[in-house]
Structures are given as structure tokens and as C-alpha cells.
Number of protein chains: 2
Amino acid sequence: MLSTMTTEQATGRDRSSRTRERLLDAAVEAFAASGFAGTTTRDIASRAGMSPAAVYVHHATKEDLLFEISRRGHHASLEVLQTAFDAEPDPLARIRAMVGAFSRWHAETSRVGRIVQYELNALTPEHRAEIAETRRTMERLVQRTLEDGIAAGTMRIPDVKGTALALLSLSIDLVRWYRPGGPITPDGLAELHGELAVRMVAA
Amino acid sequence: MLSTMTTEQATGRDRSSRTRERLLDAAVEAFAASGFAGTTTRDIASRAGMSPAAVYVHHATKEDLLFEISRRGHHASLEVLQTAFDAEPDPLARIRAMVGAFSRWHAETSRVGRIVQYELNALTPEHRAEIAETRRTMERLVQRTLEDGIAAGTMRIPDVKGTALALLSLSIDLVRWYRPGGPITPDGLAELHGELAVRMVAA
DNA sequence: GTCTATATGGGGATAGAC
DNA sequence: GTCTATCCCCATATAGAC
């Protein structure tokens, strides 16, 4: 299919695709700075260097922009967590890797992270339900690691579900205060939070 | 002054004061549910059982309502933290008490807590600056406790500022997911988070 | 696909009667 | 102090020319 595409079609599609991405980037900046409800489509359009009407050629509604950003962000952060899970077989090393990687992602992608974590209520019920699936998968990944650590005898945990939430809080809450370019780096946060996570659960 | 007030004046003032509080309560519900930008003054008024115009008799602007809620919430949560600080002289016991009490407050007062933690950007620069003072005081209280624990030899901490932020994250982030009436109770969170906090910092 | 212009609705805040 | 009515502005989204 792709190979039968004429040069003209390819160019037109690439240009359109790039514009779509440019609008998504502009929406990320705007939503992260002002929140979904506090952002106007005019703001998004002007950040992308376009007229307000041009937004609707590429995205049906403002909420569609949010959903696309949230969907991609959730999938990316789940992949980060899954990759760390797969990389370390030992439960203690695994929880250090998972929390470290999750914090690094939230710092490196803090604007998307803020939207992912704070704008679930702005989604339509259908979109929110779809996203909720991904979030449950992430929580289960952490809970399973804690249960494995207890079974192995290297972890001692008062409350698995509550502790899993607390571990995720370390990473998630940094989008509230983290500012890129400051003295605190994504790698520094990854190391610190990985260490604190191990201390929280170690036997 | 109070003693010279006539009964009529006292009644009038009490009634006005109660209406003022009723509007603040309505605004707490609305802001916590929809965010500051997503809340209309009509929504606040109808939750308080009044017309939109009545709001402005008691509060100059929508932002004034937010500021009053945020100011009171910050003062209350600082007092909670300070009380725990004062109650326990030993650094380890103190950090358990502080984090536990801070989590309990955020769970018991989760609607106000959500506004306190998430709506700083909606304040005017002047109001935000005033609030920031209180927030710095809270962070310093935690940092000082960690430094005391290190000096006493009962704590071992990779990064005092970063760990202080992480400890506060345990309590603060619960306003994102906590729902009153569920299986998780404020007391349960206080105990769990107090324990996890001690583990994070103990030598 | 982009623009200008606009339809349509709702927002914060105020005026003025009671 | 409360109401109804309204000012005035700005929001999302669309129409139609180019």
C-alpha cells in the first residue's frame, strides 16, 4: 500500500501529519500550563502559529486533542514501567528499576505527565474508561512485584495495595513541582526514588 | 466593641457570616469537583441555593473565593504539621507523626486538600506569593527534622531536600485518588504512610 | 488546508428594584 | 441582602471563500 503512493500524496500526507503533531505539541504546552479547562482553542492555535479554525481540520474537538495526548502518554509510561519490569528478575532490583524509570519518565516528560495525571476528569466517560484500563495494568505490575518480593522473603510490606499506590506517588507527584532546567535532574530523581522505594519495601 | 453591639446587629452579622461560609463550602465542592477554571460562579451560587448575583455581595471575585479557601487550608495543614512536630521530640518518632498527621488531614479534608495542592496557579501572583510562604515553612519543618535525625545518628538520608519532598508527596498525592467512604480510611493512611516514612529515612 | 467571518452559547460581574 | 435582568466579553465550533 505505502509503495503505491505517489510523491504528491506522500508530501501532502506528511505535511498534514506534521501539522497534526504541531497542534498536539502546542496543546501539550497549553494544557500543562493552564489546565484543560483553562486553555482556549485560540491559545492552542496561536502556539502552533495557526488560526483557530485550522485546529478543527486536524482534530474534531478540544477533548479529542486531550484524549490523544493522554492516550499516548499513558501508553508510553506503561511501556517504561514494563521495560523496567522485564529488565530485572529480582523483586527488590525490579522495584528500584521500575520506580526509578517511572520517575525519570515523569521528569523528562513532565508536561505530558502533568496532563496524564491531572486531566482524567476532563475526558469523556468513554475515553476515561479506556485510559483507566492502562492505569490498572500499571498498578497490577507494581502489586505483582511486591507479592513476588514477599514470597521471596526479601520484602516486608504492611499493605500491598496501599504501598503500591505510595510507590507510584513518589513518581507521579513530582509533576506537581518539578521544573525542567532546575538543579534537580531526571537521573537524580530516578536514583533517589529508586533508593527510597527499596527502603520502603525491603524486609 | 462586641459588648456594645445590639441584638439586631449581631443577628444581621451572624446571618451574613453564615451565608459567606455557605458560599465558601459550595465553592470547595465545586472547585474540588471541576477545578477552578472549570467552575462557574453560577455553579457555586446554585450549590449554595442562591442567585449568581448574591455571590458578589459576600466575595468580590471568584478568585477571592479560591484565595480564602486556599489560605485557610494552608494554615490548617501547617498547624497539623506543627502540632505533630511539637508532640514528638525524637526525630524518627517525629517524622512518623508528621507524615501520618499530614496524610490524615489530606484524607479527612480531601476536597480542600485538592484545591490547596492543585490550584496554586489559579491564584493572582500576590495571593500565590503569600501562600508560598506557608508552603516554605512546611518544607523547612520536614527538612529540619531530617537534619536532626542525621545529627542524632538515627537517620541516613541520600538527599535531604529531595527526601523531604518525597515524604510530603506521600500525603499530598493521595488527594488525587482518595475518595471518602471507600475501604481506605484516613487513620489507615496515617499509619501506613507514617511507617513508610520511617523506613525511608531510618539509618 | 488555510484563512476571515460568524453562529451560538455561556462566562464573570454589575444595575437597580424590592 | 436578595432577586431578575443584563452588560460585555470570550468560548467552541462552523461556513464559505481562496
Side-chain angles (χ1 to χ4, degrees), chain A residues 5-27 29-31 33-69 119 121-124 127, chain B residues 5-31 33-69 115 119 121-124 127:
Chain A
M5 203 165 56
T6 68
T7 303
E8 204 164 285
Q9 282 170 338
T11 301
R13 202 141 98 188
D14 286 356
R15 206 190 302 273
S16 169
S17 180
R18 272 200 307 274
T19 304
R20 211 184 125 80
E21 297 303 313
R22 196 149 51 90
L23 282 164
L24 282 168
D25 287 345
E29 297 292 323
F31 293 159
S34 314
F36 177 78
T39 295
T40 67
T41 52
R42 284 168 171 77
D43 185 14
I44 296 167
S46 88
R47 282 177 193 262
M50 312 184 71
S51 76
V55 174
Y56 294 91
V57 173
H58 303 275
H59 303 275
T61 65
K62 188 173 81 153
E63 194 271 346
D64 268 6
L65 273 164
L66 173 64
F67 177 54
E68 182 66 11
I69 292 165
E119 299 295 349
N121 285 145
L123 294 166
T124 65
H127 287 165
Chain B
M5 201 165 56
T6 69
T7 303
E8 205 164 285
Q9 282 170 336
T11 301
R13 200 140 101 188
D14 287 355
R15 203 189 304 272
S16 168
S17 180
R18 272 199 308 273
T19 304
R20 210 183 125 80
E21 297 302 315
R22 196 148 52 91
L23 281 164
L24 282 168
D25 287 345
V28 166
E29 297 291 323
F31 293 159
S34 314
F36 178 78
T39 295
T40 67
T41 53
R42 285 166 174 77
D43 183 15
I44 296 167
S46 87
R47 282 177 193 263
M50 311 185 72
S51 76
V55 173
Y56 294 91
V57 174
H58 302 276
H59 302 276
T61 65
K62 190 173 80 153
E63 194 271 345
D64 267 7
L65 272 163
L66 173 63
F67 177 55
E68 182 66 13
I69 292 164
I115 298 164
E119 300 294 351
N121 285 144
L123 294 166
T124 65
H127 287 163

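Below, chain A is the first sequence line, B the second, and so on; all start at residue 1.
The outermost nucleotides of DNA chain C lying under 4.0 Å from heavy atoms of chain B, listed 5' to 3', are C:dG11 to C:dA15.
Rounded to whole Å, atom P of D:dA13 lies 15 Å from atom CG of A:D43. What separates CD1 of A:I44 from P of D:dC10 is a distance of 18 Å, to the nearest Å.
In this structure, the side chains of A:T41 and A:Y56 come closer than 4.5 Å at one or more pairs of heavy atoms. Here the side chains of B:F31 and B:I44 are in contact, with some heavy-atom distance below 4.5 Å. Residues B:L24 and B:H59 form a side-chain contact, since some pair of their non-hydrogen atoms from C-beta on lies under 4.5 Å apart.
The side chain to side chain contact (heavy atoms under 4.5 Å, CB included) test with A:M50 singles out one residue from A:T19, A:V57, A:V55, and that residue is A:T19.
Between B:R47 and B:D43 there is a salt bridge, since at least one side-chain N of the basic residue sits less than 4.0 Å from a carboxylate O of the acidic one.
A side-chain N or O of B:H127 and one of B:E63 form a donor-acceptor pair less than 3.5 Å apart.
At least one donor-acceptor pair closer than 3.5 Å links the side chain of B:R22 to the backbone N or O of B:A48.
At a non-hydrogen distance threshold of 4.0 Å, B:M50, B:S51, B:A53, B:A54 from residues 48-55 of chain B come into contact with DNA chain D.
Nearest approach of B:A54 to B:L23, heavy atoms of both residues: O-CD1, 4.3 Å.
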